[in-house]
Amino acid sequence: MDQEYERRLLRQINHQNLPTETRLSKCVSATCSPVSVKSGDRFIPTRAGSNWSINFHYANENCRSPSQNHKAKDASSDSSKDTVAYAALLRNELLGAGIEAVPDPHTDDRRHAVLSQDSHSVFRYTVHTKRVPFDSDNEVSPYSLSPLSNKSHKLLRSPRKPARKISKIPFKVLDAPELQDDFYLNLVDWSAGNLLSVGLGACVYLWSACTSQVTRLCDLSVDGDSVTSVCWNERGSLVAVGTHKGYVQIWDAAGGRKLTSLEGHSARVGALAWNGEQLSSGSRDRVILQRDIRTPPSGERRLQGHRQEVCGLKWSPDHQHLASGGNDNKLLVWNSSSLLPVQQYSDHLAAVKAIAWSPHQHGLLASGGGTADRCLRFWNTLTGQALQSTDTGSQVCNLAWSKHANELVSTHGYSQNQILVWKYPSLTQVAKLTGHSYRVLYLAVSPDGEAIVTGAGDETLRFWNVFSKTRCTKESKSVLNLFTRIR
C-alpha cells in the first residue's frame, strides 16, 4: 500500500473517532488559522452505528394513523392462532420439536412454551435408522405422499378451540322515551318469564317476547309521583316499583294490578333487591329497609350504615348476604340477621352503584366506582380481602356476570359511554361495544344468560349478544327480535 495513502487513511479514521467537542475545536482552530490543512481525496463512511431495520420499523409505525394501528392489532389477534400453528409446524419439520397440539395463543406462557421446547436441537443432527411399526391410529401410512412427519399430522388433526366472536352492533334497538339520565336510578330489569320492565317517566312498561305486546303496567302521574326503580322477583311474577316520594309498590304482572304499597322511606327509592319473599329497598334517606311482603310492615328491618344515598343493592346467590353501595363511596356487606354491616370496603373513590355477585365462585363480589374512581374491584367476602382491581378509564355504571362462563360485562358513562366484556380472573377485555351517545346507566341480562339489554339517556334500549352457552362461532339469536318499537 502506498505510504501517503495509508497516512491519509489513518488520519481520517482518527478524526472520525475523536469526541465531538475535540473535533469542533479543531475545526474552529482550522478555520481561524491561515494555513489550510490538506485533506484526502477519498471519503470512507462509517455505518457501524446504523440499524436500518429498527429505524425503518419506527418510521412505518409513526406514519400509521391510530385507526390503522387498531385495525392492524385486530387483524393480528384474529390470525394469532394460525400463526402459532404454523410456527409449531415449522418447528416439527425443521427442528424435530415433536409438538402434537396447538398452544393457546391467549395464554401468557405461550411464547415461552413455543420458544423453549427443544432449543438444544438447533445444532443436533441425528439419523433415525430404526423403522417404527405402522399404527393406523397414530402413524402415517408408509405409502403416504405427504412430506410431513407423524407429529405434524397429529398437530394438524388436533382439535382447535373456535375463535370467540362478539357482534359489535346491537341486534335490536328500541325507543324508550323519557328514560331518565340519572346515575342513581335503576329503571330496567328482565324477568325469568322473559318480560322486560322499564320505567319511563311516571309509567312502567312491559315488553313481552312471547306475544310482541307492549303493556303499560302502572301510571304514577295521577299521584304526582314518578318511577325511580324497578325489580322483578325470582319467579318473574311480581315486580317491585320504587317511587320518587319514597313508596315501594308491589304489582302482579299477569293481572296488571297493584298488590300493596309499602311506606317507610322519606326520599326516593333508587335501589331494589328481592331475596325470596323478602324485598330490600335503598333510598336517598340513607336507610335500607328489608321487609317480608307476606307479613305486616311492623316486622321490617332497618339497616343503617351509609352516610349518603344508597344506589346499589344485590343479594348473594346463596341468599345469605346483601351487598350495598352508596354515594359515600362505601361498599357494605350485611348478613340476614345483623343490623350492622359485617364487612365494609372503602377503597373506591366515588359512588358505588355497580355491584355483582359471582355465580361461579362462592363469596366473590365485584364492584365498580363512579367518575372519580373508574375502577373495577373484586373482593373475597369469605375472608374480607381485596383480590384485584383494574382501571376501566370511565365511570362504571353497572356490572353483571355471565351465567355460563367466568366472564362479566360492565357498562360505562363519562366519558366513553361503552360496554366492556371481561374475562375473569385475567381481566382481559373480550369485547368493547359502543353505540350509545349518553351514559350507559341501565343493564339487565336475559333469562337464558345469552343477551343483555342496555339503556341510556339517549332514550334507547339496545340488545346485544355477548354471552354464549356453548363456545361456538355462530351467534345465537334472542327471541327478543320479535319486539316492536314504541313511539
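Worth saying up front: this structure is predicted, and the values here are computed from it rather than measured.
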[Y] and [X], any side-chain heavy atoms less than 4.5 Å apart:
X: Trp190; Y: Val445; value: no
X: Lys258; Y: Ile250; value: no
X: Asn186; Y: Leu272; value: no
X: Ser229; Y: Val269; value: yes
X: Pro170; Y: Phe463; value: no
X: Leu376; Y: Leu427; value: no
X: Ile419; Y: Ile452; value: yes
X: Val248; Y: Leu289; value: no

Quick one: does any side-chain atom of [X] pair with a main-chain N or O of [Y] as donor and acceptor, under 3.5 Å?
X: Glu407; Y: Phe467; value: no
X: Glu93; Y: Ser149; value: yes
X: Ser402; Y: His404; value: yes
X: Gln388; Y: Pro425; value: yes
X: Thr411; Y: Val440; value: yes
X: Asn465; Y: Ile166; value: no

Closer than 4.0 angstrom, basic N to acidic O: yes or no for Lys330 and Asp328?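 Salt bridge: no.
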Please enumerate all residues that pass side-chain contact (heavy atoms from CB on, under 4.5 Å) together with [X], with sequence neighbours excluded.
X: Val310; value: Ile288, His306, Leu313
X: Asn417; value: Arg439
X: Arg268; value: Asp182, Tyr184, Leu185, Thr228, His244, Arg284, Glu309

At their closest point, which heavy atom of Leu399 faces which heavy atom of Gly368, and how far apart are they? CD1-N, 3.9 Å
Which atom pair, heavy atoms only, marks the closest approach of Ala456 to His436?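 Heavy atoms of Ala456 and His436 come nearest at CB-ND1, 3.4 Å.
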Does any pair with a residue in residues 310-356 pass ring-ring contact (aromatic ring centres under 6.0 Å, His included), and if so which ones, sequence neighbours excluded?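 Every ring-ring contact (aromatic ring centres under 6.0 Å, His included) pair that includes a residue of residues 310-356, provided the two are not neighbours, is Tyr345-Trp379.
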Please identify each residue that fulfils salt bridge (Lys or Arg N to Asp or Glu O under 4.0 Å) with Asp391, with sequence neighbours left out.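 Counting only residues at least two positions away or on another chain, Asp391 forms a salt bridge (Lys or Arg N to Asp or Glu O under 4.0 Å) with Arg374.
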Of His265, Glu300, Gln290, which is the lone residue that meets side-chain hydrogen bond (donor to acceptor under 3.5 Å, both in side chains) with Ser281?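 It is His265, the one option of His265, Glu300, Gln290 that forms the side-chain hydrogen bond (donor to acceptor under 3.5 Å, both in side chains) with Ser281.
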For the pair Thr260 and Gln249, evaluate side chain to side chain contact (heavy atoms under 4.5 Å, CB included) and give the outcome as yes or no after the intermediate values. CA-CA 6 Å; Thr260 183; Gln249 301 181 0; over 6 Å; no
side-chain contact (heavy atoms from CB on, under 4.5 Å) partner of Leu322, the single match among Asn275, Leu332, Leu303: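 Between Leu322 and the candidates, side-chain contact (heavy atoms from CB on, under 4.5 Å) is satisfied uniquely by Leu303.
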OH (Tyr247) with more than 12 external heavy atoms under 6.0 Å: no
Count the heavy atoms of every other residue, nucleotide or ligand shown that sit under 6.0 Å from CZ of Arg301, and state whether that count exceeds 12. yes
CG of Leu217 to CG of Leu195: how many Å apart, nearest 0.5 Å? 10.0 Å
Can you see whether Asn406 engages His360 through a side-chain donor-acceptor pair at a distance of less than 3.5 angstrom?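 No, His360 and Asn406 have no side-chain donor paired with an acceptor closer than 3.5 Å.
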Name all residues meeting the ring-ring contact (aromatic ring centres under 6.0 Å, His included) criterion together with Trp401; count only those two or more places apart in sequence or in a different chain, and write none if there are none. Tyr424
What do the steps show when you test Trp464 against Val409 for side chain to side chain contact (heavy atoms under 4.5 Å, CB included), and what is the final call? CA-CA 11 Å; Trp464 316 79; Val409 59; over 6 Å; no
